[in-house]
Amino acid sequence: MPYAAIADLITRYGEDELVQLTDRAGAGVIDAAVAQRALADADAEIDGYLAVRHTLPLDDVPPLLVRIACDITRYRLWDDRASEEVRMRYEDARRVLEAIAAGRVTLGVTPPESPAGPRPSVRAGRSVFDADNMAGW
């Protein structure tokens, strides 16, 4: 499940900026393929952090992850032309992901429930290789 969509990028940064960042053909429109590739790269980066603490994919995407995905995508689209603000937002997003992975920040989602029923128990039996069984060897 993607964390953000092109519509989220437009809402946050405006259509003009996305045209500037994605329009490689000079058509004056957002190149959806370029934007989707950058969104997928952001999803992969986020998954790398979340997989430590969460079963993926998440059932619902928390708003925090939408913002983080947008900031990462924007930074990746700007590439080496990123402004200080864009770079700082990316670094802030990365720090939040590190905190989530370390358990210092939660996503606010309910963890999956444990299966119902009794918990399995283990009882130790007699040792196969004890002193009595090994006598004479």
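Computed from a prediction, not measured in an experiment: that's the story for all the values here. Position 1 is the first residue of the sequence, and the numbers go up from there.
- One distance of note links CZ of R37 with CG of D31; it measures 7.5 Å at 0.5 Å rounding.
- Going from atom OG1 of T73 over to atom CG of L39 covers 4.0 Å, rounded to the nearest 0.5 Å.
- Looking only at side-chain heavy atoms (C-beta outward), L64 and I100 come within less than 4.5 Å of each other.
- L56 and V52 fall into different hydrophobic clusters, defined by Ile, Leu, Val, Met, Phe, Trp and Tyr side-chain heavy atoms under 4.5 Å apart, directly or through other members.
- Nearest heavy atom pair, residue V29 against residue T22, reads O-OG1, 4.4 Å.
- Between E17 and R12, none of the side-chain N atoms (NZ, or NE/NH1/NH2) sits under 4.0 Å from a carboxylate O, so this pair counts as no salt bridge.
- Under the rule for a salt bridge (charged side-chain N to carboxylate O under 4.0 Å, His left out), the partners of D92 that lie at least two apart in sequence or sit in another chain are R95.
- A distance of 5.0 Å separates CG in L18 from CG in L9, rounded to the nearest 0.5 Å.
- Expressed to the nearest 0.5 Å, how far CZ of R89 lies from CZ of R67 amounts to 7.5 Å.
- In this structure, the side chains of L21 and D79 stay at 4.5 Å or more apart for every pair of heavy atoms.
- Both L50 and V105 belong to a single network of hydrophobic side chains, linked directly or stepwise wherever heavy atoms of I, L, V, M, F, W or Y lie under 4.5 Å apart.
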Would D43 and I72 satisfy side-chain contact (heavy atoms from CB on, under 4.5 Å), going step by step from the backbone distance to the final call?
-> CA-CA 9 Å; D43 290 348; I72 292 171; over 6 Å; no
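- Checked by atom type and distance alone, the side chain of R76 never pairs as donor or acceptor with a backbone atom of A38 at under 3.5 Å.
- Looking at Y13 and D8, their side chains never bring a donor and an acceptor atom within 3.5 Å of each other.
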Between R74 and E85, does a salt bridge (charged side-chain N to carboxylate O under 4.0 Å, His left out) hold up when you go through it step by step?
-> CA-CA 11 Å; R74 184 184 192 204; E85 176 213 349; 3.7 Å; yes
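- A search for side chain to side chain contact (heavy atoms under 4.5 Å, CB included) contacts involving A69 returns Y3, A4, I46, not counting sequence neighbours.
- Within the 4.5 Å cutoff, the side chain of V86 has no heavy atoms near those of the D71 side chain.
- The side chain to side chain contact (heavy atoms under 4.5 Å, CB included) search around P62 returns L58, L65, L107, V109, not counting sequence neighbours.
- Applying the ring-ring contact (aromatic ring centres under 6.0 Å, His included) criterion to Y49, with sequence neighbours excluded, gives no partner residue.
- For Q20, the CD atom sits in a packed shell: over 12 heavy atoms of surrounding residues, nucleotides or ligands are nearer than 6.0 Å.
- Pairs passing the ring-ring contact (aromatic ring centres under 6.0 Å, His included) check and including a residue from residues 68-94, sequence neighbours excluded, read Y75-Y90.
- At distances below 3.5 Å, at least one donor-acceptor pair connects side-chain atoms of D23 with backbone N or O atoms of G28.
- The salt bridge (charged side-chain N to carboxylate O under 4.0 Å, His left out) check on R94 picks up E98, with sequence neighbours excluded.
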